[in-house]
Amino acid sequence: MPATLIDGKATAARMTAEIADDAAAFQRTTGIVPQLVAVLVGDDPASAVYVRNKQRACEKAGLKSTLHRLPTETTEIQLLDLVEQLNGDPAVHGILVQLPLPKHIREQVILDAVIASKDVDCFHPENVGLLVQGRPRFLPCTPAGCQRLLAEYKIETAGAHAVVLGRSEIVGKPMAMLLVQRGAVADATVTICHSRTRDLASIVRQADIIVAAIGKARFVTADMVKPGAVVLDVGINREGDKLVGDVDFEPVSQVASAITPVPGGVGPMTIATLLRNTLTAAQLSVG
Ligand code: GUN
């Protein structure tokens with residue numbers, strides 16, 4: 001039997017409606033409209049699309065969104081100046097510096113400069129530390145989006161073996177951290193696989209839940225998937241005009257019990273979590 005299709009688009013739309021209700025209630029009591037500021041440096045077309053999608057989603061949730069578009073030649077110092085200005089602006093609640101940055105700018109320097117209380121990407125060491133300790137301030141956007149999909153589709157995680165493919169700071173590491181925590185939609189036994197993992201396929205074959213975030217088109221093939229496993233595909237790869245995930249979708253969906261499509265799976269959930277974090281930042285700003 002083919003797998004259940006996990007509909008991230010519809011789930012994200014429901015989440016956005018919840019956030020819109022909460023943002024409206026917050027505005028009624030405080031008079032504050034939560035504001036997300038996105039910073040986009042250079043002219044990477046994919047990044048421009050992602051940022052536009054984030055801005056549209058803000059509008060749907062009744063959040064204010066502002067874009068700072070800077071040329072590729074922007075220096076690290078100029079970008080740091082902008083981040084400092086946004087850090088100090090009380091009308092700005094969330095700051096998102098879209099990645100990747102041009103090569104001459106050190107990403108870590110810029111990301112570390114974003115004040116922790118406005119770090120809606122959950123990249124700041126203080127926020128990562130809180131997450132690791134199981135008392136998160138913000139949620140890592142893509143991993144929390146994946147977790148919400150597991151919750152919505154009532155997928156048992158307690159005691160399950162979750163295999164995360166990829167060890168990035170944005171997805172792999174925080175994904176593993178969420179799933180290993182005590183509590184709901186967690187309590188999993190987690191393995192992280194990466195480019196140096198020995199006999200990766202045999203480990204993935206043991207997984208009840210697979211989260212693919214390695215950035216290689218169609219990397220997860222049907223022979224790597226245990227029958228009945230749940231597959232979350234974080235990859236966004238271009239094949240000509242087509243977007244494909246890190247999972248070989250058609251054959252894997254014949255083996256898995258549930259699977260996310262690309263597009264329309266994890267991607268919209270990342271954005272919905274970003275909106276939630278922006279509202280959280282605004283709520284925290286009033287104590
Ligand atoms: N580029 C690709 N994904 C992301 C993300 O989640 N946050 C930021 N800031 N940039 C990205």
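When a ligand or atom number is given, it counts from 1 through the structure's own listing order.
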Which protein N or O atoms sit under 3.5 Å from any N or O of ligand 1? Give atom names and distances.
| unit_1 | atom_1 | unit_2 | atom_2 | d |
| --- | --- | --- | --- | --- |
| ligand 1 | 1 (N) | Gln98 | NE2 | 3.1 |
| ligand 1 | 1 (N) | Leu99 | O | 3.0 |
| ligand 1 | 7 (N) | Asp121 | OD1 | 3.1 |
| ligand 1 | 9 (N) | Val97 | O | 2.8 |
| ligand 1 | 9 (N) | Asp121 | OD2 | 2.7 |
| ligand 1 | 10 (N) | Leu99 | N | 3.0 |

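- Residue pairs satisfying the salt bridge (charged side-chain N to carboxylate O under 4.0 Å, His left out) criterion with at least one member in residues 261-273, sequence neighbours excluded, are absent.
- Using modelled atom types, one side-chain atom of Gln78 and one backbone atom of Thr75 make a donor-acceptor pair closer than 3.5 Å.
- In this structure, Asp187 does not pair ionically with Arg182, as no charged nitrogen and carboxylate oxygen lie closer than 4.0 Å.
- Counting side-chain heavy-atom gaps under 4.5 Å among Ile, Leu, Val, Met, Phe, Trp and Tyr, the cluster of Val225 also holds Leu5, Val163, Leu165, Leu200, Ile203, Val204, Ile210, Ile214, Phe219, Val220, Met224, Val231, Val247, Phe249, Val252, Val255, Ile259.
- By the neighbour-count criterion of 12 heavy atoms within 6.0 Å, atom NZ of Lys60 is sparsely surrounded, having that number or fewer from other residues, nucleotides or ligands.
- Applying the side-chain contact (heavy atoms from CB on, under 4.5 Å) test to Thr270 and every residue at least two apart in sequence or in another chain returns Cys141, Thr142, Val266.
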